[in-house]
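A quick write-up on the structure given underneath.
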Amino acid sequence: MFDTLSDRLAATFKNLRGKGRLSEADIDATAREIRIALLEADVALPVVRSFIAKVKERARGVEVSQALNPAQQMIKIVNEELVSILGGETRRLRFAKTAPTVIMLAGLQGAGKTTLAGKLGVWLKGQGHSPLLVACDLQRPNAVNQLSVVADRAGVAVYAPEPGNGVGDPVQVAKDSIEYARSKQFDIVVVDTAGRLGIDQELMQQAADIRDAVSPDEILFVVDAMIGQDAVNTAEAFRDGVGFDGVVLSKLDGDARGGAALSIAHVTGKQIMFASNGEKLEDFDAFHPDRMASRILDMGDLLTLIEQAEKTFSQEEAAQMASKLASSKGGKDFTLDDFLAQMEQVRKMGSISKLLGMLPGMGQIKDQINNIDERDVDRTAAIIKSMTPKERAEPTIINGSRRARIAKGSGVEVSAVKNLVERFFEARKMMSKMAQGGGMPGMPGMPGMGGGPGRQKKQVKQAKGKRKSGNPMKRKAEEQAEAARREQAAQGGALGLPAGQADKNFELPDEFKKFMG
């Protein structure tokens with residue numbers, strides 16, 4: 001969604017590289033390019049004006065003129081201001097002191113509230129809660145049935161006493177759901193209301209009545225991130241009519257301009273709390289303004305990547321894999337079975353292209369990332385599963401006839417089997433070297449990373465002896481002085497002092513006297 005904005009900002013900052021300091025003209029030109037980029041991304045005009053004014057004010061200040069690298073300092077300013085208009089700090093859910101906590105979802109028709117109710121249920125369940133989804137959308141055809149199906153897929157409970165399709169009182173259903181949740185020990189109630197237009201006074205009044213009936217701890221306004229400026233206008237109308245505490249962005253994985261996301265928090269004064277970025281029920285998480293700003297500026301989102309890995313990977317399994325790779329056998333204990341297990345764990349984290357997109361600098365190769373065929377992982381898994389247990393444990397035994405059998409069993413060419421085995425050996429060798437602290441192969445001289453196979457130890461030069469003078473008379477005098485020193489050392493004590501003086505004056509330190517008794 002933010003690809004176009006990211007590209008424009010990257011091109012703008014590229015023009016600043018190599019400058020020792022930023023002149024007034026440089027600041028104005030940069031601000032003009034950023035303004036155009038934000039307007040093209042469909043960011044609200046008041047937000048753009050405020051953003052540009054703050055960036056120019058800070059850019060003209062002391063922090064840039066004294067900076068070692070003005071281009072990097074400008075990126076830092078833009079990043080901090082982006083975080084500011086996105087809401088600043090991450091906003092967490094407020095939970096009731098006495099269960100159940102009531103969360104009310106509201107928004108436009110087609111914004112994705114019902115699906116998002118299921119995603120929120122999965123997320124809350126993963127946080128250790130016991131959520132209950134309540135079907136209060138009794139207007140839209142089959143809305144109750146859809147919520148029941150979504151709840152079943154999410155593995156959470158649903159309260160749907162009315163059939164919907166225009167039948168039933170949504171206010172009474174919402175009120176009854178609270179007592180039902182208390183009796184069944186549900187600690188969170190998620191109320192799914194009917195979609196509405198900002199000008200639909202009847203539905204707006206219905207939402208207000210539901211709010212008054214259940215006194216929700218959080219009212220979340222669900223916004224379709226793809227509808228642009230109209231999302232901001234609708235949010236303002238709903239804020240004035242019913243009120244809400246936070247915003248949830250749906251369809252953030254779309255290819256439309258993302259101006260709504262950058263505008264809504266600043267215009268309404270209510271923070272974005274959650275973001276939905278995919279079709280799966282797991283594609284949902286808390287919204288972090290700092291991480292979103294980093295993605296827009298192509299600085300990556302490693303914290304989210306690490307969090308996803310921690311959810312997916314077992315620490316015990318990771319420790320076992322690391323010990324296999326770091327073993328004295330050079331990683332030979334790491335088999336194709338282990339490789340398959342790791343690959344399936346990565347696949348559980350989500351789309352490969354999305355994972356790569358969280359790495360810093362990946363915006364420069366986003367075309368290649370977008371062209372990644374996710375089915376390659378399935379083909380690789382099929383090849384490994386077509387092998388016998390012995391072949392997976394010892395890939396070196398896979399000869400021509402075995403390759404032909406494996407290729408036939410997995411539905412691929414023989415060359416694909418050969419390439420997989422070769423890549424596995426190379427990857428195992430590289431991972432083993434990294435696990436043993438050797439660094440990346442072929443990268444000698446990197447601090448803390450070790451070196452490649454051809455790395456040589458630094459040779460310590462031997463100290464040369466004292467050169468003798470070429471003058472015979474001077475050389476003879478030096479030899480006599482050296483002989484006298486040797487004779488004095490031979491007659492002296494342990495410290496090379498004259499013998500008598502060494503015996504009379506030398507004493508051990510007090511610590512040594514205590515140690516020696």
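- Checked by atom type and distance alone, the side chain of S50 never pairs as donor or acceptor with a backbone atom of V47 at under 3.5 Å.
- Annotation for R182: atom CZ counts as buried by contact number, over 12 foreign heavy atoms lying within 6.0 Å.
- Side chains of Q146 and D137 form no contact here, defined as non-hydrogen atoms less than 4.5 Å apart.
- Atom-to-atom distance recorded for L420:CG and I383:CD1 is 5.0 Å, nearest 0.5 angstrom.
- Considering only heavy atoms from C-beta on, K270 comes within 4.5 Å of F244 through its side chain.
- Judged purely by atom type and a 3.5 angstrom limit, E162 has no side-chain atom pairing as donor or acceptor with the backbone of P170.
- Checked against ring-ring contact (aromatic ring centres under 6.0 Å, His included), F274 has the following partners two or more places apart in sequence or in another chain: W123, F284.
- Ring geometry for F424 versus F339: interplanar angle over 60°, hence perpendicular rather than tilted (30 to 60°).
- When the side-chain hydrogen bond (donor to acceptor under 3.5 Å, both in side chains) test is applied to S130, no partner is found at least two apart in sequence or on another chain.
- Nearest heavy-atom pair across A181 and L132 is CB-CD2, 4.0 Å.
- For the side chain to side chain donor-acceptor pair (under 3.5 Å) condition, the pairs that include at least one residue of residues 208-217, sequence neighbours left out, are Q205-D209.
- With rounding to the nearest 0.5 Å, the separation of CG in N145 from OG1 in T114 is 11.0 Å.
- T193 places no side-chain N or O within 3.5 Å of a backbone atom of C136 that could act as its donor or acceptor partner.
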